[in-house]
> 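Below are the structure tokens for one structure; questions will follow.
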2 protein chains.
Amino acid sequence: MEYVIGDDLLQQQGLKRTKLRMALLDCFLNTKHALSYPDIKQMLGEGVDRSTLYRNLAAFEEADIIHRIYDQSGVAKYAFGKVHDHGRDHAHFVCEQCETVYCMEKATTVDINVPKGFKTKTIQTIIRGICSDC
Amino acid sequence: MEYVIGDDLLQQQGLKRTKLRMALLDCFLNTKHALSYPDIKQMLGEGVDRSTLYRNLAAFEEADIIHRIYDQSGVAKYAFGKVHDHGRDHAHFVCEQCETVYCMEKATTVDINVPKGFKTKTIQTIIRGICSDC
DNA sequence: ATTTTAAATGCGACTGAGTTGCGTTTGTGA
DNA sequence: TCACAAACGCAACTCAGTCGCATTTAAAAT
Ligand SMILES: [Mn+2]
Ligand SMILES: [Mn+2]
Ligand SMILES: [Zn+2]
Ligand SMILES: [Zn+2]
């Protein structure tokens, strides 16, 4: 039962178990792709407060329950799992048709050589294409 | 003289040679890194109109005089040159210290294998690290 | 040089994302 | 059950970017 794992996740991060947080957690646990603020709002209903939702997204991110993704659409998206879980700089796939964003757990990026004097720390990759649902 | 090349660029794209456009072109010709709206505004002075500036950025992009870059900071940045000039999906380097964004003309060889059913079209890479000035 | 006209500008209003301060409510542990 | 920090709800705000519309202007035609 998801309920239990959600409960655990909050508890072990020292986050209070509030109604919104449980619902928010459910959103992520029941979705395989990344969610934007509007996506989440739609799932949770109009009632949710914007500030509170954003603050919780920040809290979840801080606690490594979710990670934030910028798909160059201008709006941030969030997906379940700490970044490190899927590999340090795992790639993200953006479907050109449906705009859905997926975490590419095992896709690998290799061989970047930057000019002299530049030091690479992390590499973020965004793959655009057509997803398996389209 | 930059003036001439700028003049040419506008002319050959069917864009009228206005004061703002010449100044804007100068910004890009005299800078080796990507510029955000605030960056440009600062260079051009407070007088420039927001809408007009954005419209011209869009026009320049359309005309392949500049290309737009999303560095996951939330604000778009622009750099001289059509995308194709530096290679279809050339990488961008974001300095973690000074936040400067550079086009990495020759940097990438990327090898991505996506799950079954996903079809890759383009790959955008953002490298974070420390630039040669920092 | 003057007229013409479409393109470009300037301004104001607007949307949407995200943030912050503050007073009230609520989860949790003592 | 009580106390208190954490979380919430709300309003106000910033910042990026867009749009409609009336005015101006670059450039081509006369
Ligand atoms: Mn991911
Ligand atoms: Mn570039
Ligand atoms: Zn799709
Ligand atoms: Zn730097």
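Chain letters run A, B, ... following the sequence lines, proteins first, then strands; residues in each count from 1. Source: prediction; values computed, not measured.
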> Restricting to ring pair (Phe, Tyr, Trp, His ring centres under 6.0 Å), what partner residues turn up for B:Phe60, sequence neighbours left out?
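Result, ring pair (Phe, Tyr, Trp, His ring centres under 6.0 Å) vs B:Phe60: none returned.
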
> Does A:Glu96 reach the side chain of B:Lys121, with side-chain heavy atoms less than 4.5 Å apart?
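Yes, their side chains come closer than 4.5 Å.
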
> Output the residues of residues 44-63 of chain B in contact with DNA chain D, where contact means a heavy atom of the residue under 4.0 Å from an atom of the strand; sort by number or write none.
B:Arg50, B:Ser51, B:Tyr54, B:Arg55

> Taking side chain to side chain contact (heavy atoms under 4.5 Å, CB included) as the test, write out the residues that go with A:Ala63, two or more places apart.
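Partners of A:Ala63 under the side chain to side chain contact (heavy atoms under 4.5 Å, CB included) test: A:Gln13, A:Leu15, A:Ile65.
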
> Who passes salt bridge (charged side-chain N to carboxylate O under 4.0 Å, His left out) against B:Asp71, sequence neighbours left out?
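In terms of salt bridge (charged side-chain N to carboxylate O under 4.0 Å, His left out), with neighbours along the sequence ignored, B:Asp71 is linked to B:Lys77.
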
> Can you pull the contact range of chain A along DNA chain C, 5' to 3', using atoms under 4.0 angstrom from its heavy atoms?
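The contact span of chain A on DNA chain C goes from C:dA17 to C:dT28.
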
> What string of B, S and - do you get for nucleotides 24-30 of chain D, 5' to 3', if B is base contact, S is sugar-phosphate-only contact and - is no contact with any protein heavy atom under 4.0 Å?
--BS---

> Could I get the full list of side chain to side chain contact (heavy atoms under 4.5 Å, CB included) partners for B:Glu62, not counting sequence neighbours?
none

> A:Phe118: which residues meet the ring pair (Phe, Tyr, Trp, His ring centres under 6.0 Å) condition with it, sequence neighbours left out?
B:Phe93, B:Tyr102

> Could you state the CG-C1' distance from A:Leu20 to D:dC10, rounded to the nearest angstrom?
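To the nearest whole Å, that distance equals 15 Å.
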
> Apply the hydrophobic cluster definition, ILVMFWY joined by side-chain contacts under 4.5 Å directly or through others, and give me every member besides B:Val101.
B:Ile69, B:Val94, B:Ile126

> Using the side chain to side chain contact (heavy atoms under 4.5 Å, CB included) criterion, which residues pair with A:Phe28? Sequence neighbours excluded.
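With sequence neighbours excluded, A:Phe28 shows a side chain to side chain contact (heavy atoms under 4.5 Å, CB included) to A:Leu24, A:Leu35, A:Ile40, A:Leu57, A:Ile66, A:Tyr78, A:Phe80, given in chain and number order.
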
> Show every donor-acceptor pair shorter than 3.5 Å between a side-chain atom in residues 127-134 of chain B and any protein atom, with sequence neighbours excluded, or say none if there are none.
none

> Could I get the full list of side chain to side chain contact (heavy atoms under 4.5 Å, CB included) partners for B:Arg50, not counting sequence neighbours?
B:Tyr37, B:Tyr54

